[in-house]
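Numbers here simply count residues along the sequence, with the first being 1. None of these values were measured; they are calculated from a predicted model. All ligand and atom numbering here is 1-based and tracks the order in the structure.
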Amino acid sequence: MYDYTQPLRRSEASRAKVRQRTDIELRGRHWTLLPDVFSPADSKSSLAHLDLLKFPVGGTFLEIGSGTGLIAVSAALAGCRAVHATDLNPAAVRNTALNAERFGVADQVTSVESDLFDGLRDAPAFDVVYWHSNNVWAPPELDINVHELAYVDPGYDAHRRYFREARRHVAPEGRVLIALSSRAGRAELEELAAAEGQALRTVDTTTVAEPEGPVVYELLEVVPL
Ligand SMILES: C[S@@+](CC[C@H](N)C(=O)[O-])C[C@H]1O[C@@H](n2cnc3c(N)ncnc32)[C@H](O)[C@@H]1O
C-alpha cells in the first residue's frame, strides 16, 4: 500500500506556496487558484485525467470534488449543457464558481458545497458522474484538514459511500466514473465496490513520469455486478 504520509507532506508544501489567491497556467490558459484548494499545477493527476475523459457533449455532467473547477469548466467549454460541481471544501466551491465566471460558462456550471451527493437538491439524473477522488488510503482515525482531504480518504469511507450512492444520480444510460492512480489501494477499492454490488472496469490509463517514478493514472467505470 502506498505510504499515505507522502501526499500529506506534499499537501503541506503546496499549502505553504499558496497563501493567497493566485493565477496558475495550464496549457496556455490561466486559472484562479484560492488558498487551501488542490492545485492542478502541483499535481500531474488533474491534466492526466482530463486527457482520459470524454465529456457528454450536449448532455449533463456531475463532478464530485471539483477543486479549482478545471474539469467542470472544461466540461462546460467542451459543450456539456449543464454541469454540477460539488466539493466538501468551501474554498473549492468558490474557486470553481470563480473559474466558471472567468471562462464565461457560469450559466452552465452550478457549484455546490456538498459531502459527495448530500448537498444536491432537486438535481437531475446526470449522463456522467465523475470523481477524481482523494484515493490514497489512510487510517480511519487519522485527523486531517480540508487541504489534506484532497489527497487521502481515512478508512476509504467516502469511497464506500460513492460506490453505494453514485448510481442513484445517473440517467438510465449514464455512466459513473472514478479517476484513480497507482497510489490508490486498487484491491481494497475493488472489495469495497463489490460489497456495494459494483465492479470497477478500466476505461483508459496513462503513465506519467514523476519524481518518485512512473505513476499510472486510471479512469474507471463503476458498473453494477
Ligand atoms: C484530488 S482532488 C481533485 C480536484 C479536481 N477535481 C482536479 O481534478 O483538479 C479531490 C477533491 O475532492 C474533494 N473531496 C474530498 N472528499 C470529498 C467529499 N466527501 N465530498 C466532496 N468533495 C470531496 C477535495 O476537497 C478535492 O477538491
In this structure, does ligand 1 have an atom that sits under 4.0 Å from one of the heavy atoms of Leu116?
yes
Whether Arg94 and Asp36 form a salt bridge (side-chain N of Lys/Arg under 4.0 Å from carboxylate O of Asp/Glu) is what I want to check.
no
Nitrogen or oxygen atoms of Thr86 and ligand 1 under 3.5 Å apart
no
With a 4.0 Å cut-off, would you call Glu212 and Arg183 a salt bridge?
yes
I need the atoms of ligand 1 closer than 4.0 Å to a non-hydrogen atom of Ala150, numbered in the order shown.
1 (C), 2 (S), 10 (C), 24 (C), 26 (C)
Below the 3.5 angstrom mark, is there an N/O of Asp115, backbone or side chain, next to an N/O of ligand 1?
yes
For Thr68 and ligand 1, answer yes if some heavy atom of the residue is under 4.0 Å from a ligand atom, otherwise no.
no
Does the Ser111 side chain pair with the main chain of Thr86, one donor and one acceptor, at a distance under 3.5 Å?
no
Measuring from non-hydrogen atoms of Ser114 to any atom of ligand 1, is the shortest distance under 4.0 Å?
yes
Within ligand 1, which atoms have a heavy atom of Gly67 less than 4.0 Å away?
27 (O)
Thr96, Thr68, Leu98, Val37 screened by side-chain contact (heavy atoms from CB on, under 4.5 Å) with Thr32, the one that passes:
Leu98
Are any of the heavy atoms in Ala92 under 4.0 Å away from ligand 1?
no
Arg29/Glu25 salt bridge by N-O under 4.0 Å criterion
no
For Glu63, state whether at least one heavy atom is located under 4.0 Å from any atom of ligand 1.
yes
Would you call Arg161-Asp153 a salt bridge at under 4.0 Å N-O?
no
Does anything in residues 95-117 pair up under ring-ring contact (aromatic ring centres under 6.0 Å, His included), and if so which pairs, sequence neighbours excluded?
Trp31-Phe103, Phe117-Tyr162, Phe117-His169
